[in-house]
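For reference, the structure is listed below as structure tokens.
Within every chain, numbering begins at 1; the chains are lettered A, B, ... in the order of the sequence lines, protein sequences first and strands thereafter.
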There are 4 protein chains.
Amino acid sequence: MHNHEDIAHRLKITEGHLRGIQRMVADDAYCVDIIRQIQAVQASLNKISSKILEGHLNSCLITAVRGDDPAEREKVLLEIQQVFDTAAKI
Amino acid sequence: MHNHEDIAHRLKITEGHLRGIQRMVADDAYCVDIIRQIQAVQASLNKISSKILEGHLNSCLITAVRGDDPAEREKVLLEIQQVFDTAAKI
Amino acid sequence: MHNHEDIAHRLKITEGHLRGIQRMVADDAYCVDIIRQIQAVQASLNKISSKILEGHLNSCLITAVRGDDPAEREKVLLEIQQVFDTAAKI
Amino acid sequence: MHNHEDIAHRLKITEGHLRGIQRMVADDAYCVDIIRQIQAVQASLNKISSKILEGHLNSCLITAVRGDDPAEREKVLLEIQQVFDTAAKI
């Protein structure tokens, strides 16, 4: 990935966020506050997926679409669609 | 779009579904049943978007990525990412 | 529903939006523009579901929770959770 | 929360999953595989939120709705709606 360090950094922060949520649970925090923090983690993960996809589109996808292997191209295009389908479902 | 008729047909069915929901509201149906039907419409719309995206990836995107216009290619790749971002948010 | 007319009006507008999308498909509009309009319809449907849920929480749910029928109360609370689960998935 | 231990356990597992994703990034795994793992984490988080909500509905919400404080009741019902709205958006 071309934006490797940014992704690694964001994942590290998100892991810290998730550990904070575990402390909230241990401290018996208010349920709705915990749910809100979980939703914030999910929004961060959406952002991270988007950035990984950006890198993927601008490298692997371009290579596959310009390459001579139709099976590889179809695989890469199908993966984009699957990732979109799952994003719409979670 | 290469799957034009299928998309048109699915949208027509979804419109009928939405009219059915309006009748439920007029008939004072149970709130939760109405919400469930709205969620079913949203799932149908996800499916339709996925099929349009499939057609797009296998035509416009291939043309743009193989073409000689870097601005057009960047535009098409950015659009994929934006559509993914919005899918993750709704 | 206490906000019956507002819901009916919003559904009517959304149906018009969906018919507009069908015209876009018939006119062979750009795939990504069609997907964006579908996503706008989904956002409207989210808003409508939210308003129906608001009415439901402030009427049926209060009645069920205050009532003497534990089975009815459990049913209503379970429905809220199911609606939430489906919302998280679409 | 009445299902405290189950929630804590699931969060711990999800944290481990997220650390695995960081190793994938460090090992330069395939972008799409990383995105899929992130989406799996998001699905786990949906499940955790749902379980916390279940506990909340069956305790805090019942107490608030049966209680004598209208402001507290309105607050709790509004929170449910907000959590639903955010779930529909991420």
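Looking at D:Thr86, neither its backbone nor its side chain comes within 4.5 Å of chain C, counting heavy atoms on both sides. At a 4.5 Å heavy-atom cutoff, the contact between D:Ile62 and chain C is made by backbone and side-chain atoms alike.
Atom CZ in D:Arg73 sits 12.0 Å away from atom CG in C:Leu57 (nearest 0.5 Å). Remark: C:Leu61 CG to D:Ile80 CD1 distance equals 8.0 Å, nearest 0.5 Å.
Among all heavy-atom pairs drawn from D:Ser50 and C:Asp85, the shortest one is OG-OD1, 2.7 Å.
The side-chain contact (heavy atoms from CB on, under 4.5 Å) test with D:Gln81 singles out one residue from C:Glu54, C:His56, C:Lys51, and that residue is C:Glu54.
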